[in-house]
Amino acid sequence: MTFKQDIIDALTLAYPQILTFENLASELMASQERVVQSVTELQEQNYPISTQGKDIHLAYPLLSVPAILKQLETDFIGKPVQLHARMDSTNSYAKENLTDLINGEIILAHEQTAGKGRLGRNWTSPAGASISLSLVLKSDIPFERIPLLTQLTAASLVKALDAWADVQIKWPNDIILNNKKIAGVLVETEFSGRSLNGIVIGIGINTNVDQMDIPEDLQSKATSIREEKAGETDPNKLVARFLKHFENFYVAFLGSQHTEPFLSICREQSVLIGKDYWIIDKEQKRKASIRTIDPTGGLVVTYHDTNKTEVITSSDLSIRGEHTYV
Ligand code: BTN
């Protein structure tokens, strides 16, 4: 991918300027024939590159390591960055290669062919139209505090996305815009016996996904930032903003055990709190009023059948409205 990624980098850094094949070839110190060949292959793989005669430009900016690094203001989160053209799943790759990856390193992919969602679901990531990111953490975090990382990540996404839209959180891991999902978080852990080798925070964001590329069964539940007309998303700016907010929350969380800075955002931006929902697990479906998120990151609910207030911590649950997703 390196030469093709060089083309993507040059077009992204130039965006929204239109380049010529001649400019591009001279910038990349390559022949025009080689540039034309690679651009054709990228277009065949559905990358949003428009060409007209000798002109070439992107329909919208694509992931690019130099473009992220230009805007990245973190000390260790997002350092280094790996960007791949196509992977089965960035989370699977990060877990398989954990020993070679360092604390804070991120893996990005333009496309995933077997992206994983929560509860064993699939996650669709079409080429160039979404952000697939996995962040590796190697800090020693007590087992019972790991679920808080999903809340910390969700709050970081809310802050990062506020440059484009006022998004909400559907506990535990969905990011919602106009009552539909635009992003999700999947936190996975790797253990050797009882010792934690590392944590992989997976994030999928539908930036420029077309409604028609959203799987049929998710059409009424999922959307993208572009479909909701929340403005054009530069994925590199979004990634850099996310990493900065994540680092701020994470350093406070590790150092002083501070959870309120991110949990307060999760409560304020919750789509669930103050409403009634069905809580569905493998065995049953129970109606509950959603109260708040407690200091452990659990969801506090009052079940209608027993009138008892309980904290839900298991993520093996789905939460649904009467006939709606949120
Ligand atoms: C969900 O909402 O169910 C979680 C979706 C998480 C998707 C991301 S995309 C990057 C990373 N790699 C994966 O295979 N999954 C996560």
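Counting starts at 1 for both ligands and their atoms, in listed order. Computed from a prediction, not measured in an experiment: that's the story for all the values here.
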Looking only at distances, please establish whether an N/O atom of ligand 1 is found under 3.5 Å from an N/O atom of [X].
{"X": "S132", "answer": "no"}
{"X": "S125", "answer": "no"}
{"X": "W123", "answer": "no"}

[X] (side chain) donor-acceptor with [Y] (main chain) under 3.5 angstrom:
{"X": "N248", "Y": "H245", "answer": "no"}
{"X": "N46", "Y": "A127", "answer": "no"}
{"X": "K244", "Y": "E73", "answer": "yes"}

| query | Below 4.0 angstrom, N of the basic side chain to O of the carboxylate: do E228 and K180 qualify? | reply | no

| query | Are E260 and R267 close enough for a salt bridge, meaning some N to O gap below 4.0 Å? | reply |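 Yes, charged N to carboxylate O under 4.0 Å.
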
| Side-chain donor-acceptor pair present, D276, S289, cut-off under 3.5 Å | yes

| task | Give a yes-or-no answer on whether the side chains of Y250 and S139 include a donor-acceptor pair shorter than 3.5 Å. | result |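 Yes, because at least one side-chain N or O of Y250 sits under 3.5 Å from a partner of the opposite role on S139.
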
For [X], the ligand 1 atoms whose distance to one of its heavy atoms is below 4.0 Å:
{"X": "T90", "value": "10 (C), 11 (C), 12 (N)"}
{"X": "G115", "value": "14 (O)"}
{"X": "G117", "value": "1 (C), 3 (O), 4 (C), 5 (C)"}
{"X": "I203", "value": "8 (C), 9 (S), 10 (C)"}
{"X": "L133", "value": "10 (C)"}
{"X": "V185", "value": "4 (C)"}
{"X": "G204", "value": "7 (C), 8 (C), 9 (S)"}

| Evaluating non-hydrogen atoms only, which member of R118, K181, E188 is closest to atom 2 (O) of ligand 1? |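 Shortest heavy-atom distance from atom 2 (O) of ligand 1: K181.
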
| query | Does ligand 1 have an atom that lies less than 4.0 angstrom from a heavy atom of R121? | reply |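 It does not; every heavy atom stays at 4.0 Å or beyond.
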
| query | atom 12 (N) of ligand 1: which protein heavy atom is closest, and how many Å away? | reply | Q112 OE1, 3.0 Å

| task | Write out the residue and atom name of the closest protein heavy atom to atom 15 (N) of ligand 1, then the distance separating them to 0.1 Å. | result |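 Here the closest protein heavy atom is K116 O, 2.7 Å.
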
| field | With T309 via side chain to side chain donor-acceptor pair (under 3.5 Å) - residues at least two apart | value | T302

Just list the side-chain donor-acceptor pairs under 3.5 Å for residues 10-19, sequence neighbours left out, or say none.
residue	atom	partner	partner atom	Å
T12	OG1	I8	O	2.9
T12	OG1	L62	N	3.3
T12	OG1	L62	O	3.4
Y15	OH	E232	OE1	2.7
Y15	OH	E232	OE2	2.7

| message | A quick test of your reading: do over 12 heavy atoms of other residues, nucleotides or ligands sit less than 6.0 Å from CZ of F143? | response | no

| query | Side chain, backbone, both or neither: which part of N173 has a heavy atom under 4.0 Å from ligand 1? | reply |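 Just the side chain.
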
